[in-house]
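Numbering of residues begins at 1 and proceeds along the displayed sequence. Every value quoted in this text rests on a predicted model; they were computed, and no experiment measured them.
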Amino acid sequence: MELYEKFLTEIIGDDGQLKAIDFNVPETYNFGFDVVDYYGKNDPERKAMIWISNDFDERIFTYRDIMELSNQAANFFVSYGIKKGDRVMLVLRRHFEFWIAIVALHKIGAIVIPATDQLKEHDFVYRYKAAGVRAIVCTATGNVLKEADSASEKVPCEFKFVANGEAEGWIPFDGYKNFSKVFERPEGDKNPMRDELMLMYFTSGTTSYPKMAAHEHTYSIAHFLTAKWWHHVEKDGIHFTVAETGWGKAAWGKLYGQWLMGACVFTYDFEKFDQENVLNMISKYHITTFCAPPTIYRFMIKSDLSQHDLSSLKYITTAGEALNPEVYNQLKQATGLSIMEGFGQTETTLTIGNLIGSTPKLGSMGKPTPIYNIKIVDYDGNEVECGTTGEICVDISKGRPYGLFRCYYNNEEETNAQMRDGLYHTGDTAWKDEDGYMFFVGRTDDIIKSSGYRIGPFEIESVLMEHPAVVECAVTGAPDPVRGQVVKATIVLAKGYEPTEELKKEIQVFVKKLTAPYKYPRIIDFVDSLPKTISGKIKRTELRK
């Protein structure tokens with residue numbers, strides 16, 4: 001029986017309907033050995049990934065390739081002393097080395113920390129220190145290597161591996177090719193176990209620095225539903241999710257669920273997004289299922305879609321921010337397909353979605369998925385009536401479902417704040433109609449969602465406060481027809497500074513230099529004072545209005 005069929009038999013009821021995923025997972029379950037190597041041995045020539053470089057070079061990887069390459073990389077890491085429980089950061093853009101490295105580290109039992117290549121020195125310093133990063137595998141593309149290197153001078157990182165290039169003081173990751181293609185499953189205490197940590201993502205903080213959402217090995221299993229029942233991935237199809245590997249969306253659409261099904265993922269390692277290139281690739285490679293944030297779809301409809309053959313597409317999905325009706329309608333007209341929305345977080349897998357067989361309602365995230373018992377509650381934790389806005393929560397009174405993170409790493413206080421009274425509090429608000437469809441309202445903690453990025457105001461405010469002209473500031477999201485939201489900074493100037501356009505540009509450049517460029521404030525307002533509560537807290541709601 002095929003691997004994915006084993007899961008199907010466990011999660012479909014006798015009536016043919018999807019039921020809650022509560023099947024037994026072996027204590028030693030490991031994605032690398034039990035999924036990648038399963039297909040690598042039983043269906044070795046099956047395509048696992050089609051990878052296209054920025055210059056349009058093509059590489060095709062079979063499941064046997066991924067099995068053997070990840071084994072070589074695992075032996076390579078072990079030769080440097082990397083072991084179970086070590087925290088290893090991967091900053092690899094969309095390079096194929098990401099898939100080789102992450103599967104290898106899963107096999108070892110190391111804890112993988114994917115990160116974007118847009119981080120700056122102080123971003124790395126914080127992450128090295130907070131996670132206790134022992135090793136990093138970083139791309140030589142762009143300037144990120146310099147930022148990561150500078151950070152290691154302040155917070156030492158024991159092993160620094162460079163991919164896609166060379167650098168002084170860095171170990172070439174290509175060295176993995178010299179190692180054996182056989183990597184035996186570890187035994188005893190070295191064997192990664194089902195309930196041990198395997199993956200951590202830094203979330204965007206609003207009132208504090210980013211937290212680390214820590215996931216166990218069972219996290220990958222929950223993405224079977226993401227791929228099968230939301231993306232509608234088919235085993236012999238080709239799935240294309242537009243996402244950089246530093247973000248959780250890559251785990252959703254470019255790895256776990258798709259490979260659980262033995263499907264092929266498509267990856268375009270572009271430097272700069274170009275909708276014409278993406279549309280051409282959908283046509284050339286006969287992409288069957290496609291997922292992207294609404295921003296990407298907004299760019300796509302700017303092209304003349306009638307000039308592109310999109311007939312291979314069978315299903316299209318989106319998540320990350322609100323979907324504009326205009327985008328939905330134009331894609332529907334061009335392809336005949338409805339964009340099926342979904343909702344989830346770095347801390348979860350797909351929690352709410354328009355699954356296969358459902359009829360989407362425009363503007364709705366869909367309904368709760370069978371993995372999660374979703375409740376919309378008021379401030380006191382009581383479920384609200386239909387039509388009333390409340391916080392989206394996951395019922396954990398009977399235990400955590402597969403896919404829900406274990407904790408915020410080394411942050412018991414924040415973990416307890418989010419997981420209390422038998423609920424995991426997402427911090428997102430929504431309302432549902434009488435048919436059970438849920439409609440997103442906003443964040444309870446002011447997260448900004450721009451072009452698919454989740455941006456925490458606190459980090460930007462911290463950088464702004466380093467500029468001598470800024471005496472006080474508040475960062476909020478402002479509506480934008482293309483990006484969904486853009487970063488807006490409301491600033492009180494220090495004495496001696498005048499609110500000029502030149503100063504705005506200077507502050508914007510200042511922020512770009514000190515943190516990831518996508519975080520810089522595209523809108524800056526200078527004010528005499530910020531609206532505050534009696535206790536001195538800034539009234540962000542008023543600023544957004």
Query raised in the report: Which heavy atom in Phe299 sits nearest to a heavy atom in Phe273, and how many Å separate them?
Result: CB-CE2, 3.8 Å
In terms of side-chain geometry, is the basic nitrogen of [X] or [Y] positioned less than 4.0 Å from the acidic oxygen of its partner?
{"X": "Glu216", "Y": "Arg406", "value": "yes"}
{"X": "Asp435", "Y": "Lys367", "value": "no"}
{"X": "Asp433", "Y": "Lys361", "value": "yes"}
{"X": "Lys254", "Y": "Glu244", "value": "no"}

Requested in this report: Mark yes or no: Lys284 above the aromatic ring of Tyr268, with NZ or CZ under 6.0 Å from the six-membered ring centre and no more than 45 degrees from the axis.
Outcome: no
Report, as yes or no, whether the 6.0 Å neighbourhood of atom [atom1] on [X] holds more than 12 heavy atoms from other residues, nucleotides or ligands.
{"X": "Lys314", "atom1": "NZ", "value": "no"}
{"X": "Gln333", "atom1": "CD", "value": "no"}
{"X": "Lys432", "atom1": "NZ", "value": "no"}
{"X": "Lys47", "atom1": "NZ", "value": "no"}

Requested in this report: Take the angle between the ring planes of Phe31 and His106 and call it parallel below 30°, perpendicular above 60°, tilted in between.
Outcome: perpendicular
[atom1]/[X] to [atom2]/[Y] distance, rounded to the nearest 0.5 angstrom?
{"X": "Thr139", "Y": "Glu97", "atom1": "OG1", "atom2": "CD", "value": "8.0 Å"}
{"X": "Asn277", "Y": "Ile52", "atom1": "CG", "atom2": "CD1", "value": "11.0 Å"}
{"X": "Leu362", "Y": "Tyr437", "atom1": "CG", "atom2": "OH", "value": "12.5 Å"}

Do the side-chain N and O atoms of [X] and [Y] include a donor-acceptor pair separated by under 3.5 angstrom?
{"X": "His217", "Y": "Asp195", "answer": "no"}
{"X": "Gln118", "Y": "Tyr453", "answer": "yes"}
{"X": "Gln345", "Y": "Tyr424", "answer": "yes"}
{"X": "Gln258", "Y": "His231", "answer": "yes"}
{"X": "Thr289", "Y": "Glu234", "answer": "no"}
{"X": "Tyr372", "Y": "Thr349", "answer": "yes"}
{"X": "Asp65", "Y": "Thr62", "answer": "yes"}

Report task. With sequence neighbours excluded, tell me which residues meet ring-ring contact (aromatic ring centres under 6.0 Å, His included) with Phe98. Result -> none
Query raised in the report: Just by modelled atom types, is the Phe270 backbone N or O under 3.5 Å from a matching donor or acceptor in the Arg93 side chain?
Result: yes
Report task. Mind running ring pair (Phe, Tyr, Trp, His ring centres under 6.0 Å) on Tyr219 and Tyr402 for me, showing each step along the way? Result -> CA-CA 6 Å; Tyr219 169 75; Tyr402 294 145; over 10 Å; no
Query raised in the report: Ring centres of Phe96 and Phe61 under 6.0 Å apart?
Result: yes
Query - Candidate pair Tyr297 and Thr318, rule side-chain hydrogen bond (donor to acceptor under 3.5 Å, both in side chains), full reasoning - result: CA-CA 9 Å; Tyr297 286 114; Thr318 192; 5.5 Å; no
Is there a side-chain contact between [X] and [Y] (heavy atoms, below 4.5 Å)?
{"X": "Lys84", "Y": "Glu196", "answer": "yes"}
{"X": "Arg127", "Y": "Ile113", "answer": "no"}
{"X": "Pro192", "Y": "Asn30", "answer": "yes"}
{"X": "Leu331", "Y": "Ile301", "answer": "yes"}

Query raised in the report: Could you give all pairs that pass the side chain to side chain donor-acceptor pair (under 3.5 Å) test and reach residues 380-390, with sequence neighbours left out?
Result: none
Report task. Give the C-alpha distance, both sets of side-chain angles, the deciding distance and a yes or no for ring pair (Phe, Tyr, Trp, His ring centres under 6.0 Å) between Tyr518 and Trp247. Result -> CA-CA 14 Å; Tyr518 66 84; Trp247 303 98; 5.7 Å; yes
**Report entry** Test log, rule side-chain hydrogen bond (donor to acceptor under 3.5 Å, both in side chains), inputs Glu347 and His215
**Finding:** CA-CA 8 Å; Glu347 291 89 342; His215 288 281; over 6 Å; no
